[in-house]
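Worksheet for the structure shown next.
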Amino acid sequence: MFKISLPDGSVREVPRGSSPADVAAAIGPGLAKAALAARVDGELRDLGRPFEGDAALELVTARDEADALELARHDFAHVLAEAVQALFPGTQITFGPSTDDGFYYDFAPRDRPFTDEDLPAIEAEMRRIIAADKPLTREIWSRADLIARWLEQGESFKAEWAGELPEGEELTVYRSGSDWLDMCRGPHLASTGKLDPAAFKLTRVSGAYWRGDQANAMLSRVYGTGWLNKKQLDAHLLRLEEAAKRDHRKLGAEMDLFHLQAEAHGSVFWHPKGYKVWRELEAYMRRAIDAAGYREVKTPQIMDARQWEQSGHWGKYRENMFVIPDEVPSVEDEGALVSGKGDWMALKPMNCPAHVLIFRQGIKSYRDLPLRLYENGCCHRNEPHGALHGLMRVRQFTQDDAHIFCREDQIVAEVQDFCALADRIYKDFGFTYAIKLALRPEQRFGSDTDWDKAENELRDAVVRAGLATPEYGWEELPGEGAFYAPKLEWHLTDAIGRTWQVGTIQSDRVLPERLDAHYIGEDGEKHRPVMLHRAIFGSYERFIGILIEHYAGKLPLWLAPVQAVVATIVSDADGYASEVEANLRLAGIRVESDLRNEKINYKVREHSLQKVPHLLVVGKREAEERTVAIRILGEERQRFMPMDEAVAWLKGEALAPDLRA
RNA sequence: GCCGCUUUAGCUCAGUCGGUAGAGCACAUCAUUCGUAAUGAUGGGGUCACAGGUUCGAAUCCUGUAAGCGGCACCA
């Protein structure tokens, strides 16, 4: 007999061979039905898997939502694989995990990749499998038997996978009914019928590389979203619709902020309104860096290729660089445009080398350090075309880039200061964030000793700033650093919970070495400065994209391209409206007037859709009383106040957060 | 770059079997002067992404190219 202790403190004795399912049944039929899986000594297991000794047992039901969702999604993935093999014989199965909102499965199709049009049939087949309530049973196979079985079935991917698991290890296999099996660590629900057939939806298909490696075969991935019940699924689908409404590409067009077109694909055409937002951010950032002891510079857009060779970019980064011949193009109709004999130049993909060149001008003393050089640096990177995405991933972008040249003993303090600066700035925009440390990648410059030092300094600074806690999402990411330095990364969380990497600080000993930057120390000798690369917005383009989505287009007053519209009800108020407009403009408010011969309903609707924060309505009454009726975007009630008071109030409201008292 | 899908008026989208292009919104003109999310009428607007091919005839079928979208890989 085994002693099984339950969460309420009671202990039950069960015979050998019993499983959590037996315990559930003994407690009551309700629980037996509700139980989905078991936690045995803390480990999530199948309900039907026998105990191996005395154990602490917790039964998992739909109330344990995280566990239940994970189980259901994993099962949906298996059912998906079984359905696809039933409908498309010859399709190989590979791998299919759960995701944040559902599941996917990667297949190697026999003759063609799957398309969206295949999804309804696959969904229907999945529902048949769920309705058949096939038991899912766990079996233990030897590695050799399993590989033999996969090869016999023509499952070469599965065989490859199994072949790489440790020799002699027993592998778990789950059988669905009597005929279909997949290699899997489990656990699973007791049977397919535990899934709610109305709680999933196949969402899309895509390509994906086998084992995530570009060098491998392209598989065909089917994505689904999966939940415990239809209500959850519907809520999720609604969330997706809401997210689509705040897509910055859609809002950017609707609000006339910017556009993209094929002739300059990957580069942004900023319209007047979008550029207002940009300029407001630029002004904000300049105030921040001026106060933090940075000095702004501007450096060349194009430099000789030899400079990029020396910095190391030519070797490690060339595939992302735009290269330009230093040659006048031929004006002949026949023949090549350029001879290719001229020198090569390149558009800068980064600002760092140019900042080192500024540092190198003149002799620097240890007294000059730290030297913080800031640039709104316009960079060009020839990104893989499939990577481009609205404002988030572009080929021309402007970084809020700075390089801090400092002594070894100043690094930690500088990084700490940066953490504080980033914290204040992100909070001004209403973001919460997570900090991550990206460690050395496989392809890198510099000695392991330097990498040890650099990684430790960044870690130390975050620890000292008290930010290396779960609350700040602290996490270390092996292999994710840049080729010249480890990175601290700031990942913002927006209003609907998505995360975006924007800020970074990297401590670099490689570039100062390669470009021979030095300062004279107290001892009169030459020393190598350390260079901290850092950004807070990341790029203006991406940051604006994130802001649009975060605020769903309703930018805070200080950032709104048009802060107020004065709208008339009758043309008799035109003169007064123009007066109100002039006064607001004089107070520095970005204001427009709408004197069109349209109904006030029409004007309210139009400016609301344009996300104008304040609509000042003036009719006959306001003109006579010299007041305005202010309608704030998203509010039902309006405020009435004298014009002068309204101007003063708006002026105060429109202040940037760093300028408020 | 890789896989799949898409590309028709400024925007959102119809367009059947291959037979000479359609709506709503927007825009222009006219009327309307109205109190908080669409006033009405009239009108103009298209090399059906681009280049080839099949056909008596192509928005429609085929091939290629480009861009967009969803992923993968890569990344601020």
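Computed over heavy atoms, backbone and side chain alike; hydrogens, waters and symmetry mates excluded. Residue numbering restarts at 1 for every chain, and letters A, B, ... go by the order of the sequence lines.
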Distance, rounded to the nearest Å, where [X] contributes [atom1] and [N] contributes [atom2]:
X: Glu263(A); N: rC50(B); atom1: CD; atom2: P; answer: 12 Å
X: Glu375(A); N: rA76(B); atom1: CD; atom2: C1'; answer: 15 Å
X: Lys620(A); N: rU33(B); atom1: NZ; atom2: P; answer: 11 Å
X: Leu616(A); N: rU36(B); atom1: CG; atom2: P; answer: 17 Å
X: Phe269(A); N: rG10(B); atom1: CZ; atom2: P; answer: 17 Å
X: Leu119(A); N: rG4(B); atom1: CG; atom2: C1'; answer: 11 Å
X: Lys603(A); N: rU39(B); atom1: NZ; atom2: C1'; answer: 13 Å
X: Tyr484(A); N: rC75(B); atom1: OH; atom2: P; answer: 12 Å

Tell me which nucleotide, if any, is Watson-Crick or G-U wobble paired with [N] when both distances must be under 3.5 Å.
N: rG18(B); value: none
N: rG1(B); value: rC72(B)
N: rA66(B); value: rU7(B)
N: rU42(B); value: rA28(B)
N: rA37(B); value: none
N: rG57(B); value: none

Of the listed nucleotides ([options]), which one gets closest to any side-chain atom of [X]?
X: Arg204(A); options: rU36(B), rG70(B), rC74(B); answer: rG70(B)
X: Arg381(A); options: rU36(B), rA38(B), rA76(B); answer: rA76(B)
X: Val394(A); options: rG70(B), rA67(B), rA76(B); answer: rA76(B)
X: Ser571(A); options: rG35(B), rA67(B), rU33(B); answer: rU33(B)

Between [N] and [M], how far is it from one [atom1] atom to the other, in whole Å?
N: rU60(B); M: rG22(B); atom1: C1'; result: 15 Å
N: rC25(B); M: rU42(B); atom1: P; result: 12 Å
N: rA59(B); M: rG52(B); atom1: P; result: 15 Å
N: rA23(B); M: rC5(B); atom1: C1'; result: 25 Å
N: rU6(B); M: rC48(B); atom1: C1'; result: 14 Å
N: rU7(B); M: rG44(B); atom1: C1'; result: 25 Å
N: rG71(B); M: rG57(B); atom1: P; result: 43 Å
N: rA49(B); M: rC74(B); atom1: P; result: 35 Å

Inset, instruction - Could you say whether Asp247(A) or Asp116(A) is positioned toward the 5' end of RNA chain B, judged by the nucleotide with the nearest heavy atom to each? - result: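 The residue mapped nearer the 5' terminus is Asp116(A).
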Inset, instruction - By nearest nucleotide on RNA chain B, pick out whichever of Gln399(A) and Phe640(A) is the more 5' one. - result: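 Its nucleotide being nearer the 5' end, the pick is Phe640(A).
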For [N], does OP1 or OP2 lie under 4.0 Å from any side-chain N or O of [X]?
X: His389(A); N: rG68(B); value: no
X: Tyr602(A); N: rA26(B); value: yes
X: Tyr209(A); N: rC74(B); value: no
X: Arg249(A); N: rG70(B); value: yes
X: His607(A); N: rA37(B); value: no
X: Lys487(A); N: rA76(B); value: yes

Legend entry - Quiz item: cation-pi between Arg73(A) and Phe103(A), 6.0 Å / 45°: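 Checked: cation-pi criterion not met.
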Inset, instruction - Measure distances between side-chain N and O atoms of Glu383(A) and base N and O atoms of rA76(B), and say whether any donor-acceptor pair falls under 3.5 Å. - result: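 Per atom types, the contact qualifies.
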Inset, instruction - Mark yes or no for a side-chain to base donor-acceptor pair under 3.5 Å between Arg393(A) and rC74(B), with no hydrogen or angle criteria applied. - result: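 For Arg393(A), whose side chain was compared with the base of rC74(B), there is a donor-acceptor pair (under 3.5 Å).
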Legend entry - Distance-only polar pair, side chains of Gln610(A) and Glu592(A), donor-acceptor under 3.5 Å: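 No, because no side-chain N or O of Gln610(A) sits under 3.5 Å from a partner of the opposite role on Glu592(A).
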Base, sugar-phosphate alone, or nothing: which one does [X] contact when heavy atoms must sit under 4.0 Å apart?
X: Glu598(A); result: base
X: Arg542(A); result: base
X: Ala629(A); result: base
X: Ser220(A); result: nothing
X: Arg631(A); result: base
X: Glu117(A); result: nothing
X: Pro113(A); result: sugar-phosphate
X: Tyr104(A); result: nothing
X: His385(A); result: base
X: Gly212(A); result: sugar-phosphate
X: Leu609(A); result: base
X: Ala535(A); result: nothing
X: Ile569(A); result: base

Inset, instruction - Answer syn or anti for rC17(B), where the cut-off is 90° from 0 on the glycosidic torsion. - result: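 In terms of base orientation relative to the sugar, rC17(B) is syn.
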Inset, instruction - State, with a plain yes or no, whether a side-chain heavy atom of Thr225(A) is found less than 4.5 Å away from one of Phe76(A). - result: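 Thr225(A) vs Phe76(A): side chains apart.
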Please determine if [X] and [Y] form a salt bridge, counting it only when a charged side-chain N lies under 4.0 Å from a carboxylate O.
X: Glu242(A); Y: Lys245(A); value: yes
X: Arg621(A); Y: Glu625(A); value: no
X: Asp118(A); Y: Arg112(A); value: yes
X: Glu489(A); Y: Lys436(A); value: no

Inset, instruction - Could you check Arg249(A) against Asp247(A) for salt bridge (charged side-chain N to carboxylate O under 4.0 Å, His left out), going step by step and ending with a plain yes or no? - result: CA-CA 5 Å; Arg249(A) 294 165 300 186; Asp247(A) 189 306; 2.5 Å; yes
Legend entry - Stacking check Phe397(A) vs rA76(B) (5.5 Å / 30 deg):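 Yes, Phe397(A) stacks on the base of rA76(B).
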Inset, instruction - Kindly say whether Arg440(A) contributes a backbone atom to a donor-acceptor pair with the side chain of Glu455(A) at under 3.5 angstrom? - result: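 Looks like yes, one N/O pair under 3.5 Å.
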Legend entry - Member of His533(A), Arg534(A), Glu375(A) meeting the side-chain hydrogen bond (donor to acceptor under 3.5 Å, both in side chains) criterion with His403(A):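 Among His533(A), Arg534(A), Glu375(A), the one meeting side-chain hydrogen bond (donor to acceptor under 3.5 Å, both in side chains) with His403(A) is His533(A).
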